[in-house]
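This report concerns only the one structure given below.
In the text below, chain A, chain B and the rest are named by the order of the sequence lines, each starting its count at 1.
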Protein chains: 2
Amino acid sequence: MTHAIQVFAEYLNSKDLKLTKERRAVLQEIFLHPGHLEAEDLAHNLRKKRKRASRATIYRTLDLLVESGIVRKVDLGHEHSHYELELDNPHHEHMICLKCGKVLEFSDKAIERDLNRLCKRSGFEPSSHRFQIFGYCDRCRKAREQAV
Amino acid sequence: MTHAIQVFAEYLNSKDLKLTKERRAVLQEIFLHPGHLEAEDLAHNLRKKRKRASRATIYRTLDLLVESGIVRKVDLGHEHSHYELELDNPHHEHMICLKCGKVLEFSDKAIERDLNRLCKRSGFEPSSHRFQIFGYCDRCRKAREQAV
DNA sequence: CTCGCTATTGAGACTGAATCTCATTCTCAG
DNA sequence: CTGAGAATGAGATTCAGTCTCAATAGCGAG
Ligand SMILES: [Mn+2]
Ligand SMILES: [Mn+2]
Ligand SMILES: [Zn+2]
Ligand SMILES: [Zn+2]
């Protein structure tokens with residue numbers, strides 16, 4: 001957290017931007033709720049704490065946090081974006097349960113190797129990628145099997 | 001195309017739905033422009049041919065085509081969906097050029113194997129997945145290297 | 001072929017996520 | 001402490017996609 005604030009402050013400074021109380025509050029809130037969060041949750045949580053920030057500010061701040069490498073935008077197949085910490089949280093992919101929404105994280109060297117091999121073969125220079133698996137988590141799978 | 005119409009007609013029939021001229025026109029248009037198409041393009045193309053169909057009808061028809069297994073919805077990282085033929089077009093993943101928008105398709109047995117292995121390990125039952133690689137296609141990569 | 005029950009259509013209202021506008025307020029370097 | 005410039009919030013706006021509902025069309029029975 002302290003480290004993140006520092007990184008953020010430096011980033012903002014380098015761009016002649018300012019570290020406002022709203023931006024600080026958003027970053028703090030992200031640390032309080034680790035995991036995959038959405039902008040509206042953030043707004044909601046801040047409101048409960050009387051640290052309200054407008055939707056516009058929250059989205060603007062999230063963009064800045066992404067640019068500064070503190071937060072990462074993730075696609076979980078919903079109609080809106082999710083965000084997760086990038087600091088101390090290495091790249092990974094997601095399995096998403098279609099029943100309960102649970103998200104499992106995974107990463108696999110073999111897949112990354114294959115990806116690079118495939119890109120090389122087509123002369124494609126990869127800069128990012130994402131891999132999502134939709135299905136049923138252990139719990140929900142068992143519940144379905146019962147039902148049959 | 002003939003086959004697709006037949007599949008569609010059967011699907012519609014099985015659901016007590018009707019094969020209207022709008023639905024036929026949409027399906028026909030999809031065959032005329034193979035590749036990754038978007039709903040608005042479809043609307044535009046049909047309008048040029050005086051076969052206009054409303055946005056609502058186009059989206060409704062695309063849903064039906066997906067349900068009947070003729071068309072597949074694909075995510076290319078844009079804010080809107082793309083669609084591609086599913087008939088005679090086996091599952092594959094996409095590389096998307098950030099410069100020119102070009103889309104390369106690829107598929108890889110090793111990745112599919114890894115995916116299944118990883119799911120098994122977590123007790124996750126996969127039902128679908130998608131893998132996107134963002135970066136620069138061969139052409140654009142070379143143009144960038146020149147620029148340096 | 002005609003009838004009539006249903007499904008379908010289109011215009012436009014609506015939604016939800018995200019972005020923009022702009023007048024007012026805040027930050028921080030000097 | 002101050003002022004230039006950045007940031008904020010309310011609300012308007014955008015954009016893809018969905019919904020509503022009155023008018024229309026498909027199609028199976030007869
Ligand atoms: Mn994650
Ligand atoms: Mn494709
Ligand atoms: Zn689950
Ligand atoms: Zn390109």
**Message:** Please determine whether side chain to side chain contact (heavy atoms under 4.5 Å, CB included) holds for the pair B/Asp138 and A/Phe124, giving the CA-CA distance in whole Å, both sets of side-chain angles, and the decisive distance to 0.1 Å.
**Reply:** CA-CA 5 Å; B/Asp138 201 40; A/Phe124 192 89; over 6 Å; no
**Item:** Test log, rule side chain to side chain contact (heavy atoms under 4.5 Å, CB included), inputs A/Ile58 and A/Leu46
**Value:** CA-CA 10 Å; A/Ile58 289 176; A/Leu46 288 171; 4.3 Å; yes
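Atom CG in A/Leu27 sits about 16 Å away from atom P in D/dA7, given to the nearest Å. Between the NZ atom of A/Lys15 and the P atom of D/dA7 there is a distance of 12 Å, rounded to whole Å.
Looking at A/Asp63 and A/Arg60, no side-chain N of the basic residue comes within less than 4.0 Å of a carboxylate O on the acidic one, giving no salt bridge. Taking a cutoff of 4.0 Å between a charged side-chain nitrogen and a carboxylate oxygen, B/Lys51 and B/Glu22 do not qualify as a salt bridge. Remark: B/Arg121 does not engage B/Asp114 in a salt bridge, criterion side-chain N to carboxylate O under 4.0 Å. A salt bridge links B/Glu125 with A/Arg144; the closest basic N to acidic carboxylate O contact falls under 4.0 Å.
Each end of the helix from C/dC1-D/dG30 to C/dG30-D/dC1 yields a helix axis from five base pairs, and these two axes differ in direction by 30° (to the nearest 10 degrees).
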**Fill in**
Its contact letters, B for base, S for sugar-phosphate only and - for none at protein heavy atoms under 4.0 Å, make nucleotides 17-30 of chain D read BBBB-----BS---
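In this structure a side-chain-to-backbone donor-acceptor pair under 3.5 Å is present from B/His92 to B/Pro90. In terms of modelled atom types and a separation under 3.5 Å, the side chain of A/Thr61 and the main chain of A/Thr57 share a donor-acceptor contact.
Of all nucleotides in DNA chain C having an atom under 4.0 Å from a heavy atom of chain A, the first and last in 5' to 3' order are C/dA17 to C/dC28.
To the nearest 0.5 Å, the span separating NE2 on B/His36 from CG on B/Leu85 amounts to 10.0 Å.
Taking side-chain N and O atoms only, A/Arg52 has no distance below 4.0 Å to OP1 or OP2 of D/dG9.
Residues A/His91 and A/His129 bring their aromatic ring centres within 6.0 Å.
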